[in-house]
K.L.:
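Can you keep this structure in mind? I'll have questions shortly.
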Amino acid sequence: MTIFQAIIIAIIEGLTEFLPISSTAHMRFANPFLGIQPSPFVDMFEVVIQFAAILSVVVIFYKKFFDFKRTTFYLKLIIAVIPALIVGAILKDYIDTALDNLIFISCVMIGGGILLLFIDKLFKRNIIHDEKEISLPKAFAIGCFQCLAILLPGLSRSAATIVGGMQQKLTRTLAAEFSFFLAVPTMFAASVKSFWDVYKDHPDTLVSSNISVLAIGAVVSFIVALIAVKSFIGYLQKHGFRAFGVYRIILGIVILVLALKGML
């Protein structure tokens, strides 16, 4: 992977990580167009820059993340992340296979898009406006929804947890914010696991040139995500999810057609 390719993928990641349109799908779709070949380093790069993007949430919501008096906040995140850790560990081989199947990812993109067309109408009477009102069982339930994104690459971790939050009576703004919070421990665990797997099985991959590419990608992803998070919250409060649903359907159909014709 060249520095140019890394920057482009990092920009895509930073823009899409917090939107319910699947950053993983976008990176997988972009790779063939950029001439990026599958490799252990590419897999690790995609996971690590996702975590870098998610660190922007810690900066934006730093008062919440570093308020150590509110232990229940951290407990909610721990409880919510447990289902994903278990499912991710058990189904690693399945996940690796599914991530390489562009046809499958495209179909999931389309299906998720159809869901987003109606989500605002499905959950109209959501009454939980503050994170303090999220109970531990509700946090766990949202964490279970996150597992759907693991089982269905292309669904979007953000979309799955936002839908889960709204199903638990959170307002769409609070559901999005809790989705951001939950992303931090989830992607931290995924990044550590990915880095360890590469170090253990492909130590030759961690040469200085690759580490430089990884560092540049992480910085770019972080900076772009800082802008994207604030923009998304503002848009969501005014317009809801319908536009994201339309976008997912269109992109999913385009990639599906190209994949079926063997052009990707």
K.L.:
Check whether M187 and V219 end up in the same hydrophobic cluster, where Ile, Leu, Val, Met, Phe, Trp and Tyr are linked by side-chain heavy atoms less than 4.5 Å apart.
P.N.:
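They do share one cluster, since a chain of ILVMFWY contacts under 4.5 Å joins M187 to V219.
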
K.L.:
Find the distance between CG (L15) and CD1 (I12) and round it off to the nearest 0.5 Å.
P.N.:
8.0 Å

K.L.:
Regarding E13 and S221, is there a side-chain donor-to-acceptor distance under 3.5 Å anywhere?
P.N.:
no

K.L.:
Side chain of S56, backbone of A53: donor and acceptor closer than 3.5 Å?
P.N.:
yes

K.L.:
Charged N to carboxylate O below 4.0 Å: is that the case for K63 and D67?
P.N.:
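Result for this pair is no, no salt bridge flagged.
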
K.L.:
Over all heavy atoms of both residues, which pair between D100 and D96 is shortest? Give the atoms and the distance, please.
P.N.:
OD2-O, 3.3 Å

K.L.:
Looking at I150, is its backbone amide N or carbonyl O close enough to the side chain of R157 to form a donor-acceptor pair, meaning the two atoms are under 3.5 Å apart?
P.N.:
no

K.L.:
Taking atom CE of M1 and atom CD1 of I36, what is their separation to the nearest 0.5 Å?
P.N.:
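CD1 of I36 is found 4.0 Å from CE of M1.
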
K.L.:
Got a second to check how far M27's CE is from Q50's CD, nearest 0.5 Å?
P.N.:
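The CD atom of Q50 is 4.0 Å from CE of M27, to the nearest 0.5 Å.
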
K.L.:
Test side-chain contact (heavy atoms from CB on, under 4.5 Å) on L102 and R28; report intermediate values, then the result.
P.N.:
CA-CA 8 Å; L102 290 183; R28 295 286 164 156; 4.1 Å; yes

K.L.:
Quick one about N31 and E46 (side-chain donor to acceptor, distance below 3.5 Å, no hydrogens or angles considered), yes or no?
P.N.:
yes

K.L.:
Are the side chains of I211 and V207 in touch, meaning some heavy atoms are under 4.5 Å apart?
P.N.:
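No, every pair of side-chain atoms sits at 4.5 Å or beyond.
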
K.L.:
How are the rings of F181 and F61 set relative to one another: parallel (under 30°), tilted (30 to 60°) or perpendicular (over 60°)?
P.N.:
perpendicular

K.L.:
Mind listing the closest non-hydrogen atom pair of L116 and G245 along with its distance?
P.N.:
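The pair with the smallest heavy-atom distance is CB-CA, 3.8 Å.
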
K.L.:
Give a yes-or-no answer on whether the side chains of Q146 and T186 include a donor-acceptor pair shorter than 3.5 Å.
P.N.:
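Their side chains do contain a donor-acceptor pair, which is all the 3.5 Å distance test asks for.
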
K.L.:
Charged N to carboxylate O below 4.0 Å: is that the case for R242 and D120?
P.N.:
no

K.L.:
Using modelled atom types only, decide if a donor and an acceptor are shared between the side chain of Y94 and the backbone of L151 within a distance under 3.5 Å.
P.N.:
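At least one qualifying donor-acceptor pair exists.
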
K.L.:
What closest approach, in Å, do A25 and I105 show between heavy atoms, and which atom pair accounts for it?
P.N.:
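Residues A25 and I105, closest heavy atoms: CB-CG2, 3.6 Å.
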
K.L.:
Does K138 reach the main-chain N or O of Q168 with its side chain, forming a donor-acceptor pair under 3.5 Å?
P.N.:
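Judged by distance alone, yes, a pair lies under 3.5 Å.
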
K.L.:
Looking only at the aromatic ring of each residue, does the gap between the centers of Y235 and F244 stay below 6.0 angstrom?
P.N.:
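Under 6.0 Å, so yes.
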
K.L.:
Applying a strict under-4.5 Å side-chain criterion to I, L, V, M, F, W and Y, I'd like to know whether V108 and I95 cluster together.
P.N.:
yes

K.L.:
Using every non-hydrogen atom in the two residues, find where G112 and L155 come nearest and quote the distance to one decimal.
P.N.:
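Closest pair (atom of G112, atom of L155, distance): CA-CD1, 4.3 Å.
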
K.L.:
Within the structure provided, determine whether Y199 and T205 are in side-chain contact (heavy-atom separation under 4.5 Å).
P.N.:
no

K.L.:
For E133, is there an ion pair with K169 - N to carboxylate O distance below 4.0 angstrom?
P.N.:
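Here K169 does not pair with E133 in a salt bridge, since their nearest N and O are not under 4.0 Å apart.
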
K.L.:
How long is the span from the CG atom in L115 to the CD1 atom in I110, to the nearest 0.5 Å?
P.N.:
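If I round to the nearest 0.5 Å, the distance is 14.0 Å.
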
K.L.:
Compare all side-chain heavy atoms of F29 with those of S106 and state whether any distance is below 4.5 angstrom.
P.N.:
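When only atoms from C-beta onward are counted, S106 and F29 do touch, with a gap below 4.5 Å.
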
K.L.:
Are the side chains of F241 and M166 in touch, meaning some heavy atoms are under 4.5 Å apart?
P.N.:
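Yes, close enough: below the 4.5 Å cut-off.
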
K.L.:
Just by distance, do the side chain of R70 and the backbone of F65 share a donor-acceptor pair under 3.5 Å?
P.N.:
no

K.L.:
Are the side chains of L152 and F104 in touch, meaning some heavy atoms are under 4.5 Å apart?
P.N.:
yes

K.L.:
Tell me whether L136 is reachable from Y74 by hopping between hydrophobic residues (I, L, V, M, F, W, Y) whose side-chain heavy atoms are closer than 4.5 Å.
P.N.:
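Y74 and L136: separate clusters.
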
K.L.:
Run the ring-ring contact (aromatic ring centres under 6.0 Å, His included) test on Y247 and H26 for me, step by step, so that the C-alpha distance in whole Å, both residues' side-chain angles and the decisive distance to 0.1 Å come before the verdict.
P.N.:
CA-CA 12 Å; Y247 171 80; H26 279 74; 5.6 Å; yes

K.L.:
Is there a donor-acceptor contact under 3.5 Å from the side chain of K76 to the main chain of S135?
P.N.:
no

K.L.:
Look up atom CG in D201 and atom CH2 in W196, then write down how far apart they are to the nearest 0.5 Å.
P.N.:
9.5 Å

K.L.:
Taking C-beta and beyond as the side chain, do M109 and I255 meet within less than 4.5 Å on heavy atoms?
P.N.:
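Not touching, per the 4.5 Å side-chain cut-off.
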
K.L.:
If the plane angle is over 60° it's perpendicular, under 30° parallel, otherwise tilted; pick one for F68 and F66.
P.N.:
perpendicular

K.L.:
Given side-chain contact (heavy atoms from CB on, under 4.5 Å), test D204 with H202 step by step and report yes or no.
P.N.:
CA-CA 5 Å; D204 55 305; H202 306 278; 4.0 Å; yes

K.L.:
Would a hydrophobic clustering, with Ile, Leu, Val, Met, Phe, Trp and Tyr connected at side-chain separations under 4.5 Å, put I79 with F188?
P.N.:
no

K.L.:
With rounding to the nearest 0.5 angstrom, report the CG to CD1 distance, L251 to I249.
P.N.:
11.0 Å

K.L.:
Check whether L75 and F178 end up in the same hydrophobic cluster, where Ile, Leu, Val, Met, Phe, Trp and Tyr are linked by side-chain heavy atoms less than 4.5 Å apart.
P.N.:
no

K.L.:
How far apart are the C-alpha atoms of L77 and V184, what are their side-chain angles, what is the distance that settles it, and do they pass the side-chain contact (heavy atoms from CB on, under 4.5 Å) test?
P.N.:
CA-CA 9 Å; L77 296 185; V184 176; 5.9 Å; no

K.L.:
Could you walk me through whether E177 and R172 pass salt bridge (charged side-chain N to carboxylate O under 4.0 Å, His left out), step by step?
P.N.:
CA-CA 9 Å; E177 289 183 0; R172 64 189 182 197; over 6 Å; no

K.L.:
Given side chains that start at C-beta, do those of I134 and L174 come closer than 4.5 Å, heavy atoms only?
P.N.:
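Yes, side chains in contact.
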
K.L.:
Could you check whether K64 makes a cation-pi contact with F73, meaning its NZ or CZ is under 6.0 Å from the centre of the six-membered ring and within 45° of the ring axis?
P.N.:
yes

K.L.:
Quick one, T171 and I128 - any side-chain contact, counting heavy atoms below 4.5 Å?
P.N.:
no

K.L.:
Restricting to non-hydrogen atoms, name the atom on V224 and the atom on G14 that form the minimum distance, rounded to 0.1 Å.
P.N.:
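Shortest heavy-atom contact: CG1-C, 3.6 Å.
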
K.L.:
Can you tell me if T161 uses its side chain to pair, donor with acceptor, with the backbone of S158 under 3.5 Å?
P.N.:
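Judged by distance alone, yes, a pair lies under 3.5 Å.
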
K.L.:
Start with the C-alpha gap between F222 and V59, add the side-chain angles, then the distance that decides, and say whether side-chain contact (heavy atoms from CB on, under 4.5 Å) holds.
P.N.:
CA-CA 10 Å; F222 172 80; V59 174; 3.7 Å; yes

K.L.:
Step through it carefully: locate the ring centre of F145, locate the ring centre of F140, and say whether they are under 6.0 Å apart.
P.N.:
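No, the ring of F145 stays outside the 6.0 Å limit from the ring of F140, centre to centre.
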
K.L.:
If you take all heavy atoms of R248 and A159, which pair is closest and at what distance?
P.N.:
NH1-CB, 4.4 Å

